[in-house]
Every structure is written in C-alpha cells, then in structure tokens.
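Note that these values count all heavy atoms, side chains included, but never hydrogens, waters or copies made by symmetry.
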Amino acid sequence: MTATAPTRTAGRTVRRSSPGAARGPRRTGRIRRIGLPYLLLLPALLLELLVHLVPMVIGIVMSFKELTQFYIRDWGAAPWSGLDNYRMSVDFDAPVGKALLHSFFVTVGFTLLSVGLCWLLGTAAAVCMQDTFRGRGLLRALFLVPYALPVYAAVITWVFMFQHDNGLVNHVLHDQLHLTDKPSFWLIGDNSFWALLTVSVWKGWPFAFLIVMAGLQNIPRELYEAAALDGAGMRQQIRRITLPSLRPVNQVLILVLFLWTFNDFNTPYVLFGKAAPEAADLISVHIYQASFVTWNFGTGSAMSVLLLLFLLVVTGGYLLLTSRGRRASHV
C-alpha cells in the first residue's frame with residue numbers, strides 16, 4: 001500500500017499524501033514535545049523519591065514496630081506493635097503523652113511568637129528601605145547577614161553571648177544598663193524560652209525582609225503618589241495600599257515561616273544540646289530525645305507521623321482559607 005496516490009492534471013502527475021502518512025509524524029512530534037518536560041523532570045523526581053519519600057515510608061513502617069536498641073542492627077526483625085506507639089503518644093494522662101502535649105504547646109506558642117515577630121520586623125524594615133537614600137544598599141546587605149550565616153556558626157555565637165558569667169547579654173543588661181539585679185541564666189530555666197525566641201527571630205526575620213522587599217517592587221509608585229495627592233498619610237498608605245497589595249506574598253511567607261519554625265531542630269539543638277530545658281522543649285527536639293536518647297525508635301516514629309499529620313492538616317486548612325479569601329476579594 002503506497003503512501004501517495006498519483007493524480008494526472010494538465011499533462012503532469014501530482015502526488016497527494018494520504019491523511020494517515022501526514023498524521024503519523026505530526027503525532028510523534030507532539031508526543032515528543034509533551035514527554036520531554038517529564039523526561040527532564042525524571043532525575044529530580046527520582047532524587048526526591050530517594051531523599052524524602054523512601055525515608056518517610058520507612059518511618060511510617062517503624063512507627064508500627066516495637067523498635068528499641070535491641071533491634072537496631074536488624075530493625076526489620078522487630079516485632080509489630082500495631083497502634084501501641086500511637087496510643088502511648090496520645091495518652092495524655094501517662095508520662096509520655098503528657099510530656100509530648102507539653103512540648104506541643106511550647107512549640108505552638110514559640111512558633112506563633114517567632115513567625116509574628118519575624119513578619120513584623122521584616123515588613124517594617126522592607127517598608128523603611130523602600131525609599132531611596134544614601135547607604136540603603138549597605139543597610140540591605142547588613143540586614144541579610146543573619147540569613148546568610150551558617151546556622152551552626154550563628155547559634156554557637158549566641159551560646160557564648162548567653163553565658164552567665166562572661167556573656168555579652170548579661171554584660172550589657174546587668175553591667176552596662178543595670179536592668180537586672182544579678183546576671184541571668186539564659187540557657188536554663190524559664191529564660192531559655194526567651195533566649196530561643198531571640199535567636200529564632202534574629203535568624204528568621206531577614207528572610208521575611210527579603211520576600212516582602214521583593215513584593216514591594218511590584219507595587220506601582222503611582223498609587224502612592226496619587227494617595228499622597230489625596231491627603232493620605234504614611235499610615236493610611238500602608239493600610240490601604242501596601243498591605244492589600246502584599247496579601248498574596250504574605251500568605252506564602254507566613255506559611256513557609258510557620259513550617260520552618262515549627263520543624264526547627266538545628267537552633268534548639270545547638271543552643272541547648274541533647275537535653276533542652278522544659279521551657280524550651282520544642283517538639284522536634286522532644287522527638288529526637290524519644291528516639292535517640294531513650295532508644296525507643298518506634299515511639300519516636302509514631303510522634304513524627306503525628307507531627308506530619310498535624311502539619312498537613314494545618315497547611316491544608318490554611319490554603320483553603322486563603323484561597324476562599326482570595327476568591328471573595330475578587331468578587
């Protein structure tokens with residue numbers, strides 16, 4: 001069967017292509033164009049599968065096992081415990097569940113304060129840096145230094161600053177400003193919560209500053225000029241122009257800050273070590289202690305799965321509320 005059929009017209013032969021022959025190469029080219037992006041994404045998807053999904057599945061399996069230090073060399077041989085690890089974690093009348101609930105409340109309070117202060121400081125600094133003045137570039141670079149520093153180096157520096165006898169914080173507050181009666185212990189007791197909050201805000205607010213400053217670049221200057229001609233002051237301009245225009249940016253920023261802060265392990269671990277004080281017992285460090293200090297990996301895995309489910313519910317609810325608010329604002 002030939003692909004073309006000859007047709008004689010005015011003494012010459014014209015070959016017409018059959019519809020199937022033309023459709024075949026066209027369809028093959030379309031398949032190649034559609035499949036090429038997925039082919040390029042395949043290495044990243046495989047790496048994501050190896051780095052994140054496989055350990056996540058293994059952790060979920062471990063949460064259903066009675067995995068202790070006796071089965072570390074062959075964790076697959078650990079006996080199945082069913083939902084016992086989850087029952088132990090959510091039994092708030094027992095010591096394990098009560099300690100986990102206390103850690104959860106500490107983490108929630110710490111996260112709300114840290115995210116709120118990071119957003120407030122970052123937004124205020126970005127608004128102040130919006131106008132052009134001499135030295136603005138230098139100040140922007142200085143503001144981003146805490147975000148650019150490695151976490152361990154920055155937190156270790158704060159550990160020395162919070163020392164009781166020769167720390168810079170007590171030297172300034174007690175020796176120079178005389179705000180305290182005696183030098184305070186910042187890394188133990190109730191003050192450990194405020195020390196952790198200080199380091200977290202110092203480390204996180206430059207990220208909020210960077211994101212908000214990028215969002216401010218998309219707001220037309222004509223809006224501020226028109227508002228100024230109408231007699232609107234700076235406070236009214238921020239309330240009526242800046243904040244509404246930054247709403248999509250702030251929605252993503254707050255979610256990212258919440259997830260980072262709630263899951264933060266490096267800051268409390270470097271600041272306090274393996275045993276965090278009760279006032280600063282974040283849930284990430286608490287799960288680490290339940291897994292690697294008491295050698296009960298099954299209970300620690302169950303706590304991790306519960307934390308994952310909580311963050312998924314919060315993230316889904318937040319995205320649902322923000323999407324509804326965005327649709328209502330467009331109506």
Looking only at atom types and distance, does a side-chain atom of [X] sit under 3.5 Å from a main-chain N or O of [Y], one as donor and one as acceptor?
| X | Y | result |
| --- | --- | --- |
| N170 | S184 | yes |
| T315 | L312 | no |
| S103 | D281 | yes |
| S63 | S301 | no |
| Y318 | Q251 | yes |
| Q289 | T294 | no |
| Q217 | M213 | yes |
| T123 | L120 | no |
| S200 | L196 | no |
| N191 | F185 | yes |

Around atom [atom1] of [X], are there more than 12 heavy atoms of other residues, nucleotides or ligands at under 6.0 Å?
| X | atom1 | value |
| --- | --- | --- |
| Q163 | CD | yes |
| Y38 | OH | no |
| R239 | CZ | no |
| E66 | CD | no |
| D91 | CG | yes |

[X] side chain near [Y] side chain, heavy-atom distance below 4.5 Å:
| X | Y | result |
| --- | --- | --- |
| F105 | L101 | yes |
| F297 | W295 | yes |
| H286 | T107 | no |
| F110 | L197 | yes |
| F104 | L306 | no |
| I188 | F272 | no |
| K182 | H164 | no |
| V212 | N250 | yes |

Where is the tightest heavy-atom contact between [X] and [Y], given as atom of each residue plus distance?
| X | Y | value |
| --- | --- | --- |
| D264 | L282 | O-CD1, 4.3 Å |
| D181 | H174 | O-CE1, 3.1 Å |
| L243 | W119 | CD2-CZ2, 4.3 Å |
| R221 | Q130 | NH1-NE2, 3.3 Å |
| A153 | T157 | O-OG1, 2.8 Å |
| I219 | S245 | CD1-CB, 3.6 Å |

N85 pairs by side-chain contact (heavy atoms from CB on, under 4.5 Å) with which of V305, T299, L67?
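It is T299, the one option of V305, T299, L67 that forms the side-chain contact (heavy atoms from CB on, under 4.5 Å) with N85.
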Under the side-chain contact (heavy atoms from CB on, under 4.5 Å) test against M161, which residue among V169, I156, V172, V199 passes?
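Only one of V169, I156, V172, V199 forms a side-chain contact (heavy atoms from CB on, under 4.5 Å) with M161, namely V169.
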Taking a hydrophobic cluster as the set of Ile, Leu, Val, Met, Phe, Trp and Tyr residues connected by side-chain heavy atoms closer than 4.5 Å, whether directly or through intermediates, do [X] and [Y] fall within one such cluster?
| X | Y | value |
| --- | --- | --- |
| V51 | M56 | no |
| W260 | V313 | no |
| M234 | L229 | no |
| L309 | I58 | yes |
| F143 | F133 | yes |

State the [atom1]-[atom2] distance between [X] and [Y], to the nearest 0.5 angstrom.
| X | Y | atom1 | atom2 | result |
| --- | --- | --- | --- | --- |
| I241 | Q236 | CD1 | CD | 10.0 Å |
| L246 | L216 | CG | CG | 5.0 Å |
| M303 | N296 | CE | CG | 8.0 Å |
| M62 | S304 | CE | OG | 9.0 Å |
| W194 | L113 | CH2 | CG | 6.0 Å |
| L259 | I254 | CG | CD1 | 12.0 Å |

Side chains of S81 and D84, donor plus acceptor under 3.5 Å
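The answer is no; no qualifying pair exists.
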Any idea how W186 and F162 line up, ring-wise: parallel (<30°), tilted (30 to 60°), or perpendicular (>60°)?
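W186 and F162: tilted rings.
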Between K203 and N266, does the side-chain contact (heavy atoms from CB on, under 4.5 Å) criterion hold? Intermediate values first, please.
CA-CA 12 Å; K203 183 171 60 70; N266 295 328; over 6 Å; no
Output, in order, the C-alpha distance, side-chain angles, deciding distance and verdict of side-chain contact (heavy atoms from CB on, under 4.5 Å) for L311 and N263.
CA-CA 9 Å; L311 293 178; N263 283 320; 3.3 Å; yes
Go through the steps to decide whether I283 and F310 satisfy the test side-chain contact (heavy atoms from CB on, under 4.5 Å), and finish with yes or no.
CA-CA 12 Å; I283 197 168; F310 170 76; over 6 Å; no
V115/F262 under side-chain contact (heavy atoms from CB on, under 4.5 Å): CA gap, chis, key distance, verdict:
CA-CA 10 Å; V115 172; F262 207 96; over 6 Å; no
Partner of Y147 under ring pair (Phe, Tyr, Trp, His ring centres under 6.0 Å), chosen from W202, F207, F209, W205
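Passing option: F207.
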